[in-house]
Novice: 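Here you go, one structure.
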Amino acid sequence: MSSFNDLSRRAWLRLTTLGFAGVSLSGWLERLAEAAAPNPARKRSCILLWMNGGPSQMDTFDLKPGHRNGGPVKEIATSVPGIKISEHLPGVARQMKRLAIIRSMSTREADHGRATYLMRTGRAPGGPIQYPTLGSLVSKELERPSAPLPGFVSIAPQRLINAGAYGPGFLGPRYAPLVVGENGRGGRRGDIARALRVDDLDLPGGVSERRADDRLGLLDDLNKDFLAERPGGSAVGHRTAYQRAVTMMRSTAIKAFDLDEEPAKLRDRYGRNLFGQGCLLGRRLVEKGVPFVEVSLGGWDTHGNNFEQVKRLCGILDPAWSTLMDDLADKGLLDSTLIVWMGEFGRTPRINGGNGRDHWAASWSTVLGGGGIKGGTVHGKTSPDGLTVAENPVKVPDFLATVGTALGLDITRQNNSNVGRPIRFVDPGARPIKEVLT
Amino acid sequence: MNSFRPWAALLGVVLACAPSRADRYAGADELAARVDRLLEGAWKKADVTPARRADDAEFLRRVYLDLAGRIPSVTEARSFLADRRADKRKRLVESLLAGPRFPTRFASVWRALLLPEADVDLRVRLQGPAFERWLRSWLASGRGYDSMVRELLTASDQPGRGRLAVSPLGIFYVAKENKPEEVAGTASRLFLGINLGCAQCHHHPFADWKREQFWAFAAFFSDLQPRRVDRRAPRERLRPAELRIPGTEKVVRAKFLDGKAPTLGGGTPVRQVLADWMTAPDNPYFAKAAVNRTWAHFFGTGLVEPLDEMAGTESVPSHPAVLAELASAFAKQKYDLRWLIRAITATRAYQLTSARSHPSQDDPRRFARIPVRGLTGEQLFDSLAQATGYRDDGAAGRRNPFGIGTTRNEFLTRFASSERPTEAQTSILQALTLMNGKVMSAATNVRSSETLLAVVDAPFLDVPGKIETLYLAALARKPTSRELARLTRYVGRSGTEGEALADVFWALLNSAEFVLNH
């Protein structure tokens, strides 16, 4: 890949100096140059740790020891006196100074598809408006148009249950996520580093770099004629996407997806699984200025055998998440990166007959951390049995308004929707939770 | 597609017995001429210089994409371009309307409108193909647009047992969670062009619809039984066609949107009464909403925008007389969709080029130039397959009825799009898929591409002839002399002719001209 860049730049130069490729290609070269320059005005990024299936708050961040609903999981102390979390999250416990737990999430959807849509777009599903997912909204506000990488990367998503909740909606494909490692491909036994690379990035077999340049030259000629007679959004959008794709293919920034560059020891600490390596990739992307990265961990739908499952999943989550916090801090990125931990809902405080917990939206937990967040805080409280919110209920729009505010966004910003009406970032009336913001 | 052969054959028989082509156009030509006069009058008044007439190749590709959902084959393109008959455009429209791709194309368009949940919700997606089959059989039968609406609105939602055992029509209700307000809101948006979304919770801010009016309309669907949040609470006992406005004590009785009360209790089911009102020829909204939507299908922009909010708001039609003409003619023709399409495709506006020759053509609401539109994922994949001879190895079949994991479905996931066709965008992943992906790699490799192999090996074609064939396959047109000279030089310079032709084909298939409708 390294000689790739030099070769192609020479090829571009050859093309442009011959006058063969014309004006638009020289524009691409400027983009490449710009992409390589450091960016002093780096804004805050977001890494969303998405817990697919709905993690049990009772066994992670809101334990009820001594109560019948509590189950067998024990509490441990954290680095912040007075705050206790699950024994399965010792690494996260050490990060508590950098984290804020919200124990009073109160939402209304307890169906996977609907709740996923609600949590990820801030809106209940249904009706003609296709709302954008959080990553699309944030990247639209924060991405640099000239950046070599897209503004939104989704790592290992499981989109089947509600694809709309993962898409750009009315913002359009320009803000669609770049997806890698979908549906756990490469999962437990496969080649994880390979699964986390971008699809279709490499030239088709048998096509050399020089030939690819010839092809792009031919394409540019065709498009120039077509565009000259048909100015306007669609044709320009097509050219822009190709320019961004080629820029990405040929930029050094794409090496962010090459995890082999990282020390083996650090990779071990993250955990040699899709989620752990995905978190590492998340850090590498944030380092390159990608404003929104989400990493999914599935399996939280623990209707049966909840306690074994939660323990196993925490074994993946805990090292990955805590290493991510330390790694970001080591790289000087923690203050400029917001970490969000959430699923689509929580799980029933009551333990069912199969030693499991079912869907529960009335009282559950999420966690925020890093940039913009007042660490070492717990916001809200549930009743002793965990069944109701006792203090400071938090609704979905409030939660997303908090995320937006922590990122430094104007949460009253409006976007034009597919039904011709302007739509705000979050519902009007949403109030950020001041108590967890710096 | 195979499963459609029987009715395609049947349709052939029906058409053979049907009145001649001239008769089927009876009235449609006259309507197109009236629309032309109205648009031309509007152009004159606004000092608009319309674009020139599209040439045959441009018209051919556009009408294939609009009616058949794919580009024409090389053979289809050659024979149309060589045809010297004066009425060949009409003949082409007629053959496409009679062909098996027309029901497929319009079923997919109407599925996306009626059942958008299938794109996002797995449970609904599994029933999407059955719902589309139902739409296809309606379109193939030639029955009026009103019959589809009536059948849908009067369907029973739960013929089978179990959550997935619903009828093809039942899934429409299941997707709307059996909520009267969701079904009523969808029906009024899509079939009447009235958006009551805001009136559900409060009086409509811009329009006349009151909250009470909305719920009275929803009460036509009060027999639906949504899943209850609290299962212990007893079901409320109300009379038929009655509904309580949530959060209030107020019970409303079904009323049409024009404020009139229906005659109920005569043995006609409540929803039947609603469907009769909706589809009646004198309903002020029904035909207008349908022709506006159909117009937008061909022009990317409706005569009134937004399509879902035509009536009762500040939306003003760009050409009220055109809308009125089309609507009244459509109702008189018993809502015959094919007839309406014959008229629209025969208009001068639809036959204009997309090439801009004057700044006054830029406002899409003047219809003085054909806009450039994005393709749906289906149109793009089926056009790629058509151009390259690509065959999906794992196509949906008896073993895999939902086509999960097939190349086509993977492609469709990546190319799903919900924005307006005239503002179509392209994502980076889409660009990568088209540049380097599996389908494109196979299509532009001499060893694996059917089209390319046939062209490269053709002993009777010289290099310009080969380039021309690739142009016809991808763009349904012949290259200009400038293009031909440039590319012949390119192929001549290259060491291997096959590879150079593959490069040309690659560039054609990645071009804006290929991936857009224009």
Side-chain angles (χ1 to χ4, degrees), chain A residues 113 117 125-128 130 150 159-165 167-176 178-179 198-207 211 214-216 218-219 221-223 225-227 229-235 237-242 244-246 248-249 418-420, chain B residues 116-117 119-123 176-177 182 185 189 195 197 305-306 308-309 354-356 362 371-374 413 416-433 435-438 440-441 444-445 483 486-487 490 499 503-504 506-508 510-513 515-516 518:
Chain A
Y117 191 88
Q130 281 139 346
R159 295 186 288 181
L160 207 56
I161 196 85
N162 192 328
F170 60 69
L171 293 181
R174 172 77 178 73
Y175 299 101
L178 182 71
V179 178
V198 181
D199 274 351
D200 302 333
L201 197 62
D202 299 327
L203 294 170
V207 176
R211 211 175 141 201
D214 287 346
R215 286 180 165 192
L216 287 169
L218 293 175
L219 175 62
D221 281 335
L222 269 169
N223 282 346
D225 291 347
F226 185 80
L227 264 161
E229 288 194 310
R230 293 163 189 84
S234 301
H238 172 261
R239 191 178 59 175
T240 311
Y242 272 71
R244 292 174 75 214
V246 172
M248 184 173 85
M249 282 168 70
N418 58 322
V419 295
Chain B
E117 297 87 354
D119 293 332
V120 295
D121 185 326
L122 181 62
R123 280 172 308 176
K176 272 73 187 160
E177 299 172 77
E182 293 284 329
R189 266 193 311 109
N195 193 344
E305 288 280 344
D308 287 347
E309 288 188 50
S354 60
R356 178 182 188 263
D362 283 351
V372 175
R373 291 171 282 158
T413 313
S417 170
S418 57
E419 84 275 66
R420 302 178 50 85
T422 49
E423 290 157 23
Q425 301 173 356
T426 312
S427 77
I428 291 186
L429 271 183
Q430 289 169 353
L432 286 174
T433 305
M435 286 193 290
N436 306 328
K438 189 162 85 175
M440 192 61 78
S441 300
T444 53
N445 185 323
E483 286 171 327
R486 191 165 65 200
L487 293 171
Y490 176 81
E499 279 193 4
D503 295 344
V504 171
W506 180 93
L508 291 171
N510 274 282
S511 68
E513 190 176 349
V515 303
L516 296 167
H518 43 84

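Proteins come first, then strands; the chains are lettered A, B, ... in the order of their sequence lines, and each starts at number 1.
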Novice: For the interface with chain A, which of B:Met440, B:Arg373, B:Lys176, B:His518 has the highest count of heavy-atom pairs at distances below 4.5 Å?
Specialist: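 Sorted descending by pairs with chain A, the first entry is B:His518.
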
Novice: With a 4.5 Å cut-off on side-chain heavy atoms, are B:Asn510 and A:Arg215 touching?
Specialist: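 Sidechains of B:Asn510 and A:Arg215: no contact.
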
Novice: Considering residues at least two apart in sequence or located in another chain, which fulfil the salt bridge (Lys or Arg N to Asp or Glu O under 4.0 Å) criterion with A:Arg211?
Specialist: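 Partners of A:Arg211 by the salt bridge (Lys or Arg N to Asp or Glu O under 4.0 Å) criterion, ordered by chain and then number, come out as B:Glu499, B:Asp503.
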
Novice: Run the side-chain contact (heavy atoms from CB on, under 4.5 Å) test against B:Ser441 and tell me which residues pass, sequence neighbours left out.
Specialist: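 Partners of B:Ser441 by the side-chain contact (heavy atoms from CB on, under 4.5 Å) criterion, ordered by chain and then number, come out as A:Pro204.
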
Novice: Is the shortest heavy-atom distance from the side chain of B:Trp506 to the side chain of A:Leu218 under 4.5 Å?
Specialist: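 The answer is no; the side chains never approach within 4.5 Å.
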
Novice: Once you round to the nearest 0.5 Å, how far does CD of B:Glu483 lie from CG of A:Asp221?
Specialist: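 Going from CD on B:Glu483 over to CG on A:Asp221, the span is 9.5 Å.
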
Novice: Answer with side chain, backbone, both or neither: which region of B:Leu487 has an atom nearer than 4.5 Å to a non-hydrogen atom of chain A?
Specialist: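 Just its side chain gets close to chain A.
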
Novice: Which pair of non-hydrogen atoms, one from B:Thr426 and one from A:His238, has the smallest distance, and what is that distance?
Specialist: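 Smallest heavy-atom distance, with atoms named: OG1-CA, 3.5 Å.
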
Novice: So, for A:Ala241 and B:Ala431, which heavy atoms are closest and what is the spacing to 0.1 Å?
Specialist: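 Smallest interatomic distance, heavy atoms only, reads O-CB, 3.9 Å.
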
Novice: Should A:Phe226 and B:Leu516 count as side-chain neighbours, where that means a heavy-atom distance under 4.5 Å?
Specialist: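 Of all side-chain heavy-atom pairs linking B:Leu516 with A:Phe226, at least one is under 4.5 Å.
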
Novice: By a 4.5 Å heavy-atom criterion (distance strictly below it), what part of A:Val207 contacts chain B: side chain, backbone, both, or neither?
Specialist: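 Neither; nothing under 4.5 Å.
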
Novice: Side chain, backbone, both or neither: which part of B:Val372 has a non-hydrogen atom closer than 4.5 Å to chain A?
Specialist: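 Both parts, heavy atoms under 4.5 Å.
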
Novice: Would you name the heavy atoms of A:Asp200 and B:Asn436 that are closest together and state the gap between them?
Specialist: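 That closest heavy-atom pairing would be O-ND2, 2.8 Å.
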
Novice: Heavy atoms only, distances under 4.5 angstrom: which of B:Asp362, B:Thr433, B:Asn445 has the most pairs with chain A? Name it, please.
Specialist: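 Heavy-atom pairs under 4.5 Å are most numerous for B:Thr433.
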
